[in-house]
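Step one of this worksheet: look at the structure below.
Reckoned from all heavy atoms, side chains included, excluding hydrogens, waters and symmetry mates. In what follows, chains carry the letters A, B, and so on, assigned in the order in which the sequence lines appear, proteins first and then strands, with residues in each chain numbered from 1.
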2 protein chains.
Amino acid sequence: MTVKNVKFKRLRDAHTRETAEDYVEMIQELVTEQGEARLTDLAHRFGVTSVTVHKILARLQRENLIQSQPYRAIFLTDKGKKMALQSRKRHEIVYQFLRSLGVSEKIAHIDAEGIEHHVSSETLRLFEKFTPHSTKKKP
Amino acid sequence: MTVKNVKFKRLRDAHTRETAEDYVEMIQELVTEQGEARLTDLAHRFGVTSVTVHKILARLQRENLIQSQPYRAIFLTDKGKKMALQSRKRHEIVYQFLRSLGVSEKIAHIDAEGIEHHVSSETLRLFEKFTPHSTKKKP
DNA sequence: TTAGCATTTTAGCCTTGGCTAAATTCTCGG
DNA sequence: CCGAGAATTTAGCCAAGGCTAAAATGCTAA
Ligand SMILES: [Mn+2]
Ligand SMILES: [Mn+2]
Ligand SMILES: [Mn+2]
Ligand SMILES: [Mn+2]
């Protein structure tokens, strides 16, 4: 592997991580919203079948990101919680940065969902730096 | 597919589009640099085996993006050229925008390689708008 | 000219993320 | 309690993009 194609290696690795990041983020969201995440909720949110979700969850469990008993709800492990927190933070920074440029809410949501998996920490810091703080005052 | 999850737009489809974009872009680059693109060149540039390239090229030919005879060089079709041009333009805008924020060359190259596939035309226009023109003067 | 090296192709394997069909398990209203 | 409907799991299919091993083809230098 030459120095030139390191960037394509990163891209492939990013792809294998994207699914995990989106899933742990969504599981966290569901647990916060409604106390637990069910397979069916995930299928609805991602717009795929329950079978697809089931197989992805098997991988995430194998990778020690989630924990669940057969026919029961899904919860994040400590490792999963850590990834979810980082992913959510990254997602939010990218989204707010796009909004600050003037990207519409709808498009910012769509683009952030993809971009979030490809921003290095260096780029992320710069996105933060150039996002005006909202400094919302209490009314 | 509800309106809520359009943003998750079938990860697999997104990935197959990304591969096509990177390949036609690279083929165009090789044709410009050295008159033709060979399978081996692509394998070297992407850091994968020639077998992997061969299979991807079969798909691209099936999708009418490239054209080639057995054991000969690979060329873009008109459709492929169109995609390559758009991809190259997008790639360049993303790269220059990241550089203008202060992202290092190395990291900007890596991040642009991933981000380029996830920026809508709306976001792209705003990236352009906020990238200072280089206005390099002749010495 | 041709032998050997380089390139391309074929065969066959794997993992991931899609799907449908069907079996299993759970849960809740009557 | 119990059965129906909902949720989950299993089985089996597909395509894409990875790989190694080996066969086929192309090319060039001696
Ligand atoms: Mn996300
Ligand atoms: Mn995402
Ligand atoms: Mn590119
Ligand atoms: Mn790319």
Side-chain angles (χ1 to χ4, degrees), chain A residues 1 5-27 30 34-63 65-75 113-114 117, chain B residues 1-2 5-27 30 34-75 113-114 117:
Chain A
M1 178 84 78
N5 47 40
V6 142
K7 62 171 177 284
F8 295 109
K9 176 74 161 57
R10 297 280 166 94
L11 186 54
R12 284 193 301 276
D13 292 349
H15 288 172
T16 68
R17 236 177 324 105
E18 282 178 32
T19 305
E21 289 177 350
D22 284 343
Y23 271 70
V24 296
E25 206 183 327
M26 188 66 87
I27 290 164
L30 286 163
Q34 49 192 50
E36 61 172 29
R38 304 295 313 209
L39 186 148
T40 301
D41 302 329
L42 291 166
H44 288 157
R45 298 275 180 117
F46 286 118
V48 297
T49 66
S50 52
V51 179
T52 296
V53 173
H54 188 261
K55 277 173 64 167
I56 289 171
L57 292 179
R59 172 169 80 86
L60 300 185
Q61 188 145 21
R62 205 170 65 233
E63 290 172 3
L65 288 165
I66 66 168
Q67 189 279 322
S68 93
Q69 301 299 317
Y71 295 95
R72 314 301 298 276
I74 300 111
F75 296 97
E113 197 57 68
H117 309 285
Chain B
M1 180 87 82
T2 70
N5 48 39
V6 284
K7 64 168 173 290
F8 295 110
K9 56 174 188 267
R10 291 293 157 32
L11 267 289
R12 284 207 72 41
D13 291 350
H15 290 171
T16 66
R17 197 176 32 76
E18 288 177 29
T19 302
E21 289 175 352
D22 284 342
Y23 271 70
V24 296
E25 206 183 326
M26 187 67 88
I27 289 165
L30 285 164
Q34 48 191 49
E36 60 174 29
R38 304 295 313 209
L39 185 147
T40 301
D41 301 330
L42 291 166
H44 288 157
R45 298 273 180 118
F46 287 118
V48 297
T49 66
S50 52
V51 179
T52 296
V53 173
H54 188 261
K55 276 173 66 167
I56 290 171
L57 292 179
R59 172 171 77 85
L60 299 184
Q61 189 146 23
R62 204 170 65 232
E63 290 172 2
N64 196 34
L65 288 165
I66 66 168
Q67 189 279 322
S68 94
Q69 300 299 317
Y71 295 95
R72 314 300 299 271
I74 300 110
F75 296 97
E113 198 57 69
H117 309 286

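Straight-line distance from the NE2 atom of B/His15 to the C1' atom of C/dT15: 14 Å, rounded to whole Å. For the pair B/Asp22 CG and D/dA16 C1', the computed distance is 15 Å after rounding to whole Å. Counting to the nearest Å, the C1' atom of D/dG18 and the CZ atom of B/Phe46 are 14 Å from each other. Look at CG on A/Leu57: it is 14 Å from P on C/dT16, rounded to the nearest Å. Rounded to a whole Å, the CD1 atom of B/Ile56 is 16 Å from the P atom of D/dA15. To the nearest angstrom, P of D/dA24 lies 19 Å from CG of B/Leu39. Distance, A/Leu60 CG to C/dT15 P: 16 Å, rounded to whole Å. Atom pair A/Glu63:CD and C/dT15:C1' shows a separation of 11 Å (rounding to whole Å applied).
B/Ser68 approaches B/Ile74 most closely through the heavy-atom pair CB-CA, 3.8 Å. Taking all atoms of both residues into account, the shortest heavy-atom contact from A/Val48 to A/Tyr23 is CG2-OH, 4.0 Å. Pairing each heavy atom of A/Arg17 with each of A/His117, the nearest pair is NH1-O, 4.5 Å. Considering every non-hydrogen atom in both B/Glu36 and B/Ala73, the closest pair reads OE1-CB, 3.5 Å.
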Next item on the list: Any chance you could lay out the side-chain contact (heavy atoms from CB on, under 4.5 Å) test for B/Asp41 and B/Met26, step after step, and finish with the verdict?
Entry: CA-CA 10 Å; B/Asp41 301 330; B/Met26 187 67 88; over 6 Å; no

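Between A/His54 and D/dT9, a side-chain N or O to OP1/OP2 separation shorter than 4.0 Å is present. Look at B/Arg62 and you'll find a side-chain N or O under 4.0 angstrom from OP1 or OP2 of D/dA16. Between B/Arg59 and D/dG17 there is a side-chain polar atom (N or O) within less than 4.0 angstrom of OP1 or OP2. In terms of phosphate contacts, A/Arg38 brings no side-chain nitrogen or oxygen within less than 4.0 Å of OP1 or OP2 of D/dA7. Residue B/Thr52 places none of its side-chain N or O atoms closer than 4.0 Å to OP1 or OP2 of D/dG17. Phosphate proximity of D/dT8 to A/Ser50: absent, as no side-chain N or O sits under 4.0 Å from OP1 or OP2.
Heavy atoms of B/Thr16 sit under 4.0 angstrom from primed sugar atoms or phosphate atoms, though from no base atom. Residue contacts for B/Arg72: at a heavy-atom cut-off of 4.0 Å it reaches no nucleic acid atom on any strand shown. Within the nucleic acid shown, A/Thr49 comes within 4.0 Å of at least one base atom, counting heavy atoms only. Using a 4.0 Å heavy-atom cutoff across all strands shown, B/Thr40 reaches sugar-phosphate atoms only and no base atom.
Among C/dT8, D/dT9, D/dG18, the nucleotide with an atom closest to any side-chain atom of B/Tyr71 is C/dT8. Residue B/Val51 has its side chain nearest to D/dC19 when only D/dC19, D/dA16, D/dT9 are considered.
Each of B/Lys55 and B/Asp41 has a nearest nucleotide on DNA chain C; the 5'-most of these lies closest to B/Asp41. In terms of position on DNA chain D, the residue among A/Ala73 and B/Ala20 whose nearest nucleotide sits closer to the 5' end is A/Ala73.
Using a 3.5 Å distance cut-off with no hydrogens or angles, the side chains of B/Thr19 and B/Thr16 do not pair a donor with an acceptor.
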